[in-house]
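As the structure is a computational prediction, the values presented were derived from the model and not from experiment.
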Amino acid sequence: MSLLPDAALGEAFVVASRIREDLFDCLTARGDELFELTDALLCADGAVSAPVDLTLVAEHRRGHGAMYDALNCGNIDVPRLRQVLAGLPMPQAADGRLVLAVDISHCLRPDAPTSADRLFCHVYGRSGRTSDQFIPGRPYSFVAALESGRTSWCQLLDAVRLGPEDDVAEVTAVQVRRIVTDLIEMGRWHAGDRDILIVFDAGYDAPRMAHLLDGLPVEVLGRMRSDRVMRRPTPTLKEYALSYPQGGRPPKHGKDFRFAKPDTWGDPDAATTQVNDRYGTAHAMAWDRIHPRLTTRSAWIDHTGELPIIEGTLIRLQVDRLPGGGDPLPLWLWSSATGLTREDVDVRWQAFLRRFDLEHTFRMIKQTLGWTRPKLHTPEAGDRWTWLVIAAHTQLRLTREAAADLRRPWEKPVEPARLTPARVRRGFRNLRPHLHCPAHAPKPATPGPGRPLGSRNRRPTARYDVGKTTRRPESIIERDSLRG
């Protein structure tokens, strides 16, 4: 039984029941089956190995045919569901701001030549190997709201499948812009609040993301490669005249700032030192108004007009040790905000470390909820399954304070507020009777005859190539040659 008072339990059940009703309203086709499939995800014993096994769960009252029909032919009102998720109470950082993490996770399908829209996904150490590999699959861009402190929880807000013709940065910018707009419309951000902090990993170009998200009340924080070369602030005319009395054309950029050469760094504008129980002593140095020198190549090849100067704060973090025992290499971060104080610098690098909480969520939805287990044929069916998994994870988060700790004999007891998503799921079957279930009872039906016995399929399934279908030019000469 739960240790929470009855009032807290009632509030948790009311909020979760309301979200379940909103979820059911978003299921516009085959809604009863999709809703019961979500409940089966939450009430199944152990990890999900295949969707067909969920049809044997007591909470699933329909057959396996209805389950396949719902995934293949059902419909989810995704824009409405996004607003429902954006309207939930959002976790906040230590300074009261919203922190959103963006990352890509892959649903690998290496042996599915009849599945469309597969890309080569970059994975690490698969099948016991230590080298990087590129495996066919479908990448999804996830956005989640992070909590403060060490936790394995976060609030999933959106998931977008990346197609063969998509530019990752442009699709992610549209995704983040849509989420921020929903948060503002649902009253989770008001004028005068601190800017929403968007955290990216090294796979994104942070200055470009800041340019694409210009006009929103957001601050971009991204990890930079350790071999980057950026530029210092543009010197004023007085500074240039003192440095070059012989005259000449004033430069557009300052001197080089090479990450790998400390003699180019100069004195930092802010420096902090903190002692952490997981990382030891953490030293952070920050340089203000550091920007990249953009050229008309690659992502900026179609930019019209003069290339912008995107200034921000560069942060270098060095710790004594890592929790896994690896070599603690320095971490370079770039923030689109300028003029940061020492306290602001600490908030930024601590918020970036919280980004790794999203990795716990990826492991949970893959290993426990079985996000990558179904062998669905069409990409649209994979999208429906993905949103059902997000809906299931959201219900776990809303009922975590009311869940009992059904721990194994070898597991340590923890406080109710510190239960992991997998341990909350163990007791969800006991919480479900207290929640509203809008799904209707199944109607009796007779299965169809199917294909006649002994007949062959005379309509072979189409096969699709793997990889990008659009090649983007890397230079102006290449772009003009392709257009001509």
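- Salt-bridge check for Glu147 with Arg400: passed, with a basic side-chain N closer than 4.0 Å to an acidic carboxylate O.
- Side chains of Thr386 and Asp383: no donor on one and acceptor on the other come within 3.5 Å.
- With hydrogens and angles disregarded, no donor-acceptor distance shorter than 3.5 Å links the side chain of Arg30 to the backbone of Asn75.
- Between Arg194 and Glu219, no side-chain nitrogen of the basic residue sits less than 4.0 Å from a carboxylate oxygen of the acidic one, so the salt-bridge criterion is not met.
- Under the 4.0 Å criterion applied to side-chain N and carboxylate O atoms, Arg208 and Asp167 are assigned as salt-bridge partners.
- Side chains of Lys375 and Ser115: no donor on one and acceptor on the other come within 3.5 Å.
- The pair Arg426-Asp405 does not meet the salt-bridge criterion, since no charged nitrogen lies less than 4.0 angstrom from a carboxylate oxygen.
- Salt-bridge check for Arg432 with Asp39: passed, with a basic side-chain N closer than 4.0 Å to an acidic carboxylate O.
- Exactly one residue among Asp103, Thr372, Ile104 makes a side chain to side chain contact (heavy atoms under 4.5 Å, CB included) with Phe362. That residue is Asp103.
- Looking at every heavy atom in both residues, Leu369 comes nearest to Val48 through O-CB, 3.7 Å.
- Within 6.0 Å of atom NE2 in His122, more than 12 heavy atoms from other residues, nucleotides or ligands are found, so the atom counts as buried in its surroundings.
- Salt-bridge formation is not detected for the pair Arg384/Glu33: no Lys NZ or Arg NE/NH1/NH2 atom is positioned less than 4.0 Å from an Asp or Glu carboxylate oxygen.
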